[in-house]
There are 2 protein chains.
Amino acid sequence: MPKLGAEPIRRAALVKATIETVGEAGSLEVTVAQIARRAGMSSALAHHYFGSKEQIFLAAMRSILTLYGAEVRGALSTATTAESRLRAIVSGSFAPGSFRRETISAWLNFYVLAQTLPEAYRLLRVYQRRLRSNLRHELRPLVGARAEAVARGLGALIDGVYIRAALADGAPDRAYALKIVTEYLDRELEVRE
Amino acid sequence: MPKLGAEPIRRAALVKATIETVGEAGSLEVTVAQIARRAGMSSALAHHYFGSKEQIFLAAMRSILTLYGAEVRGALSTATTAESRLRAIVSGSFAPGSFRRETISAWLNFYVLAQTLPEAYRLLRVYQRRLRSNLRHELRPLVGARAEAVARGLGALIDGVYIRAALADGAPDRAYALKIVTEYLDRELEVRE
DNA sequence: GTTTTTGTTGATTGACGAGTCAATAAACTT
DNA sequence: AAGTTTATTGACTCGTCAATCAACAAAAAC
């Protein structure tokens, strides 16, 4: 009984189910059937809309990165000074929408996917470059020439805190994650000499 | 033509081949046959010695963690002061033996494996705890109460730099990786107030 | 010199899973 | 109302792969 206009709903449901399934399984070795079942449809329909498992994964990854970007942009919207913008980027990175168990686990898996799938690699690089560029831009007036190195350090630290959260048992501790990254930033911002 | 005493040689060859194969493929989705071929034997023999693919992976992971531990211990052996020991741990983490493309990629994949395989999880936790404990111990006399947070930060940063290296194209830049982590450490060690 | 242990593999089994297809049905179009 | 487009699925194909097995070979033990 086809209600028309199902496509976008189905696609969204599949993306959501993919993140959940991969997140729960902690692995990309999940079947299209599992994902489809979770999204309330047959695996044939999933293939009908996405063509391949690969495309399903890519769509899920895009969704995660888009959400992350929106989260950061949201945090950024109210900030004006360089320092407050910097802190907004950091805290946006750990916003509740992104910093959730399944999402983090899925993130880690997509990181691995980027080693194999060129398109996934490209997506991740875009995100990394944008993040670093944002950080560098705000850091420049605060730490001058060290901006590049600090931006890279911050980016790596954020990733590190993320994947450690994937492994920690229990719900990810947003406050603590934020504290670690914030302290790093605080130290770097204490201008000397 | 069986030369006796083949077992340890075969096992080592399989472990090496596993790290290489996983590292090159950038994925755990490699077949036992691929690994075995690379190690110069039939897949049946691989199963004969390890029983299952899972056990092969675990042995490879143990090997990586053991090498890493040895590398750190080696760097530590010549250091005496708390600060030099701290720096030894950090630079040991990026020793040429561990900080190599395939190894890093394999590491990342084993990180993912730890989400699925309890034994892999256990191994990784042991490594993490030992690292943090070492760092904390050397940090205590230098940064006092902040030792715990700094140790966690350092651990996360090291992991972050590692996985970023897995994704960077070209050979991993040890000097740069070291520089980032060292700068973090420098900032934290600049005692104030 | 026969039996046992260790090493080794080709062939096979059995399961699983991505992707396809034919068929069915409800909407929209003309 | 006939035809077209969109939605949907059960059944099937085809490939892959972990794991097992039967068999063979050489060294060691007896």
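FYI, side chains are in, hydrogens and waters are out, and symmetry mates aren't considered; it's all heavy atoms of this structure. What you see is a predicted model, and the numbers here were worked out from it, not measured in a lab. Residue numbering restarts at 1 for every chain, and letters A, B, ... go by the order of the sequence lines.
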- Who pairs with B:E54 by salt bridge (charged side-chain N to carboxylate O under 4.0 Å, His left out), at least two apart in sequence or on another chain? none

- Query: Can you name the residues that form a salt bridge (charged side-chain N to carboxylate O under 4.0 Å, His left out) with A:D186, not counting sequence neighbours?
  - Reply: A:R87

- Item | Any B:Y49 side-chain N or O less than 4.0 Å from OP1/OP2 of C:dG7 | yes

- Please list residues of residues 112-121 of chain B whose heavy atoms come under 4.0 Å from any atom in DNA chain D, ordered by number; otherwise none. none

Could you tell me the separation between the [atom1] atom of [X] and the [atom2] atom of [N], rounded to a whole number of Å?
| X | N | atom1 | atom2 | result |
| --- | --- | --- | --- | --- |
| A:R37 | D:dG10 | CZ | P | 12 Å |
| B:F57 | D:dA19 | CZ | P | 10 Å |
| A:Q55 | C:dA18 | CD | P | 15 Å |
| A:I56 | C:dG17 | CD1 | P | 14 Å |
| A:L45 | D:dT9 | CG | P | 6 Å |
| A:F50 | D:dT8 | CZ | P | 13 Å |

Can you list everything that forms a side-chain contact (heavy atoms from CB on, under 4.5 Å) with [X]? Sequence neighbours excluded, please.
| X | answer |
| --- | --- |
| A:A82 | A:E138, A:P141, A:L142 |
| A:K16 | A:E20 |
| A:A168 | none |
| B:T21 | B:V30, B:Q34, B:I35, B:R38 |

Could I get a table of every N or O pair under 3.5 Å where one atom is in the protein and the other is in nucleotides 19-23 of chain C?
residue, atom, partner, partner atom, Å
C:dG19, OP2, A:H47, NE2, 3.2
C:dG19, OP2, A:K53, N, 2.9

- Query: Which of these nucleotides, C:dT8, C:dT9, D:dT8, is closest to any side-chain atom of A:A6?
  - Reply: D:dT8

- Query: Looking at D:dC17, C:dT9, D:dA7, which one has an atom nearest to any side-chain atom of B:T31?
  - Reply: D:dC17

- Task: Considering non-hydrogen atoms only, spot the tightest contact between B:A39 and B:A13 and give its length.
- Result: CB-O, 3.7 Å

- Could you check which residues of residues 8-30 of chain A get a heavy atom under 4.0 Å from DNA chain C? Sort them by number, please. A:V30

- Task: Quick one: list whatever passes side chain to side chain donor-acceptor pair (under 3.5 Å) with B:E119, sequence neighbours left out.
- Result: B:R122

- With sequence neighbours excluded, what pairs up with B:T81 under the side chain to side chain donor-acceptor pair (under 3.5 Å) test? B:S84

- Are B:S27 and A:Q115 linked by a side-chain donor-acceptor pair shorter than 3.5 Å? no

- Query: Partners of A:Y121 by ring pair (Phe, Tyr, Trp, His ring centres under 6.0 Å), sequence neighbours excluded?
  - Reply: none

